[in-house]
Amino acid sequence: MSERLQNWQQGDTEDRLQALLRMDSWLQPDEIQVLLDTAQQVEVDDILRIECWKVLGLYSQPPHTASVRTTIHEHWDKEQDEEYVQIAMLEALIAMDVQTEDVRMALAIVQSDEYILVRSAAFALLCHHHDLPEVRSALEQLRDDSEYGSSAVKLLAEQEG
């Protein structure tokens, strides 16, 4: 176990939050696994889970981003988290290089009946990476969306002009 998380299992929520706040460099593989395990535990305090996702998004680097991304997608499909945890998961994806499966997931969320803030976080993922061809394709599908259509059209127009 890394020195930064060596007392993770014994620490209470506050100790763990403080450890996360001290993170300021790339995560090691063992640290990523500890944070992924914690972030997926629905019985853990939501604030701690949110901070885990944030740190994972900010400080994971290839090739480890693949395991973070896969975990987000698998966890999203099987759990119904609180909205703010879902938003943190989407923000973690925003911080990483977006992949086609992220774009598909974001588009599906925007087009779903999820809570508006979750849908907005998914749309933010698309906006952040709007220069990618697969994102432009997703934005094309949102042209007539009552909530995001006008923003999608503006982003598409920026790309054209």
Side-chain angles (χ1 to χ4, degrees), residues 20-21 23-29 31-161:
L20 291 173
L21 290 173
M23 295 283 182
D24 63 355
S25 60
W26 297 120
L27 295 169
Q28 299 301 313
E31 293 173 324
I32 290 172
Q33 193 55 56
V34 166
L35 297 182
L36 283 173
D37 291 344
T38 302
Q40 293 178 82
Q41 295 174 4
V42 294
E43 63 276 0
V44 170
D45 187 282
D46 284 346
I47 292 174
L48 179 59
R49 295 176 67 215
I50 289 166
E51 293 304 318
C52 284
W53 287 122
K54 286 180 182 180
V55 168
L56 286 161
L58 291 172
Y59 297 118
S60 296
Q61 61 181 345
H64 308 295
T65 54
S67 64
V68 174
R69 173 176 286 102
T70 299
T71 302
I72 288 172
H73 286 269
E74 289 173 356
H75 185 77
W76 192 282
D77 289 341
K78 70 178 182 176
E79 295 292 335
Q80 185 60 35
D81 288 305
E82 290 294 320
E83 290 88 2
Y84 296 104
V85 175
Q86 291 177 315
I87 291 167
M89 293 166 70
L90 291 166
E91 289 172 344
L93 289 175
I94 290 170
M96 297 186 286
D97 291 333
V98 72
Q99 300 293 315
T100 301
E101 65 265 24
D102 304 330
V103 174
R104 282 190 210 118
M105 183 173 115
L107 179 60
I109 293 167
V110 170
Q111 294 175 323
S112 73
D113 62 351
E114 288 280 354
Y115 182 59
I116 186 68
L117 293 179
V118 174
R119 291 187 357 245
S120 293
F123 189 71
L125 185 149
L126 298 174
C127 292
H128 187 75
H129 299 286
H130 71 280
D131 56 326
L132 299 173
E134 56 264 42
V135 174
R136 284 195 301 274
S137 175
L139 292 171
E140 287 286 348
Q141 294 178 52
L142 294 173
R143 279 183 174 273
D144 297 324
D145 186 273
S146 62
E147 292 171 331
Y148 300 100
S150 63
S151 296
V153 168
K154 286 178 189 175
L155 286 170
L156 290 166
E158 286 176 20
Q159 289 297 310
E160 295 169 4

With rounding to the nearest 0.5 angstrom, report the CD to CD distance, E74 to E79. 12.0 Å

Gap between atom CD of Q28 and atom CD of Q61 - 0.5 Å precision: 8.0 Å

Using the test side-chain contact (heavy atoms from CB on, under 4.5 Å), find all partners of H64 that sit at least two apart in sequence or belong to another chain. P29, I32

Would you please name every residue forming a side chain to side chain donor-acceptor pair (under 3.5 Å) with Y148, sequence neighbours left out? S120

Considering non-hydrogen atoms only, spot the tightest contact between A95 and G57 and give its length. CB-O, 3.4 Å

With a 4.5 Å heavy-atom cut-off, do M105 and L125 have their side chains touching? no

Side-chain contact, heavy-atom cut-off 4.5 Å: V103 with L132? no

Please step through side chain to side chain contact (heavy atoms under 4.5 Å, CB included) for the pair M23 and V55, ending with a clear verdict. CA-CA 7 Å; M23 295 283 182; V55 168; 4.1 Å; yes

Please state whether the rings of H75 and W53 are parallel, tilted or perpendicular, taking 30° and 60° as the class boundaries. tilted

Keeping E140 on the side-chain end and R136 on the backbone end, is there a donor-acceptor pair under 3.5 Å? no

Between NE2 of H128 and CG of L93, what distance do you get to the nearest 0.5 Å? 11.5 Å

Would you compute the distance between atom CD1 of I50 and atom CD1 of I87 and round it to the nearest 0.5 angstrom? 8.0 Å

Under a 3.5 Å cutoff, is there a donor and acceptor pairing between the side chains of Q33 and D37? yes

Distance in Å, L139 CG paired with Q141 CD, rounded so as to fall on 0.5 Å steps: 9.5 Å

Applying salt bridge (charged side-chain N to carboxylate O under 4.0 Å, His left out) to E51 and not counting sequence neighbours gives K54

Could you pull out the closest heavy-atom pair between L155 and C127, with the gap in Å? CD1-SG, 3.4 Å

When you compare the side chain of Q99 with that of D102, does any pair of heavy atoms fall below 4.5 Å? yes

For D46, does the CG atom sit with more than 12 other heavy atoms under 6.0 Å from it, leaving out its own atoms? yes

Do the side chain of T38 and the main chain of L35 share a donor and acceptor less than 3.5 angstrom apart? no

Quick one: are L156 and R143 in side-chain contact, heavy atoms under 4.5 Å? yes

Interatomic distance, L58 atom CG to L20 atom CG [nearest 0.5 angstrom]: 11.0 Å

Note, L142 side chain near Q111 side chain (heavy atom, < 4.5 Å): yes

Close side-chain approach of Y84 to I47, heavy-atom, < 4.5 Å: no

Would you indicate whether the side-chain heavy atoms of D81 and R49 approach each other to under 4.5 Å? yes

Heavy-atom closest pair, residues A122 and L90: N-CD1, 3.7 Å

